[in-house]
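First comes the structure, then the notes that go with it.
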Amino acid sequence: MSVIIHNAEHIATATDVRDLPAPVLPEIAFGGRSNVGKSSLINDLLARKKLVRTSNTPGATRGLSLFRVQLAQGSLDLVDLPGYGYAQRSKAERKTWGPMIENFLRARAGLRAVAVLVDLRRGLGDDDRMLLEFLESIDRAPILVATKVDKLAKNARQTALAQLKREASLTPIPYSTEEHLGRDALWQAVLRAVSLGAPQG
Ligand code: GTP
Ligand code: MG
């Protein structure tokens with residue numbers, strides 16, 4: 001079972017939510033620590049190698065980036081968020097980072113859910129907990145995703161997934177861009193969140 005993507009394109013990047021185009025479509029945002037694999041995961045979901053810039057070096061994504069996706073079922077926007085926990089930012093950047101993300105998550109009328117990505121090797125960190133608590137406080141639905149599961153052996157995965165589930169009180173979707181694991185499961189969760197029908201077949 002797989003989604004059919006007719007088109008995917010970058011439509012805007014901004015550091016202030018007010019500079020983004022008005023939300024005309026339902027949106028799903030992708031948040032998490034810097035380097036956790038947000039941009040890679042969006043490329044993988046969209047079956048594109050280089051639509052979204054990724055990097056080995058944390059801090060690759062600096063602004064809020066909107067990607068418009070046309071599926072057989074309808075259209076939606078995916079929003080790539082800059083990662084947290086990245087110390088090498090300039091002072092000015094660090095000062096604007098929190099409000100940039102918070103304002104977006106609070107104010108964005110089209111937002112239907114926020115995928116919270118956690119590196120399965122690291123488990124749930126304080127900053128991840130803060131994001132989940134913040135989402136709960138503003139009544140935004142989280143979708144928990146465990147990334148880079150290929151970095152763990154099969155039985156270590158199960159242990160780590162069970163621990164993450166316990167700590168977050170949410171069932172994580174295991175994901176690996178290397179092993180092409182989790183794509184269908186995450187699409188199902190995304191389609192449900194934006195109320196588009198699940199793909200047939
Ligand atoms: P920021 O933009 O800095 O917040 O980072 P990001 O969360 O967007 O991470 P990005 O997608 O740029 O990926 C960071 C690094 O992790 C890159 O070197 C990716 O190739 C690698 N990576 C991402 N997903 C996976 C995965 O599933 N498995 C493995 N082994 N590596 C991955
Ligand atoms: Mg990124």
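- Although no hydrogens or angles enter the test, the distance criterion places no donor-acceptor pair under 3.5 Å between the side chain of R33 and the main chain of D119.
- Contact detail for V52 and F67: the closest heavy-atom pair is CG2-CZ, 3.6 Å.
- Although no hydrogens or angles enter the test, the distance criterion places a donor-acceptor pair under 3.5 Å between the side chain of K38 and the main chain of G32.
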Pair S176-D150, side chain to side chain donor-acceptor pair (under 3.5 Å): steps then yes or no: CA-CA 6 Å; S176 166; D150 56 276; 2.7 Å; yes

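- Side-chain atoms of R112 never come within 3.5 Å of backbone atoms of A193 as a donor-acceptor pair (strictly under, hydrogens ignored).
- Nearest heavy atom pair, residue L170 against residue P172, reads O-CD, 3.3 Å.
- For the pair N43 (side chain) and L51 (backbone), a donor-acceptor distance under 3.5 Å is present.
- With hydrogens and angles ignored, the 3.5 Å screen pairs no side-chain donor or acceptor of D44 with any backbone N or O of S40.
- Hydrophobic clustering (side-chain heavy atoms under 4.5 Å, transitive across Ile, Leu, Val, Met, Phe, Trp, Tyr) keeps L25 apart from V69.
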Would you mind writing out the side-chain donor-acceptor pairs for residues 130-146 within the sub-3.5 Å range, not counting sequence neighbours?
from : atom 1 : to   : atom 2 : distance (Å)
S137 : OG     : F134 : O      : 2.7
R140 : NE     : L105 : O      : 2.7
R140 : NH1    : L111 : O      : 3.1
R140 : NH2    : L105 : O      : 2.9
R140 : NH2    : R106 : O      : 3.3
R140 : NH2    : R108 : O      : 2.9

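- Here the shortest heavy-atom pairing between S65 and H10 reads OG-NE2, 4.2 Å.
- Checked against side chain to side chain contact (heavy atoms under 4.5 Å, CB included), R192 has the following partners two or more places apart in sequence or in another chain: Q188.
- Not counting sequence neighbours, the partners of D126 by the side chain to side chain contact (heavy atoms under 4.5 Å, CB included) test are R129.
- Here CG of L81 is found 9.5 Å from OG of S39. Values are rounded to the nearest 0.5 Å.
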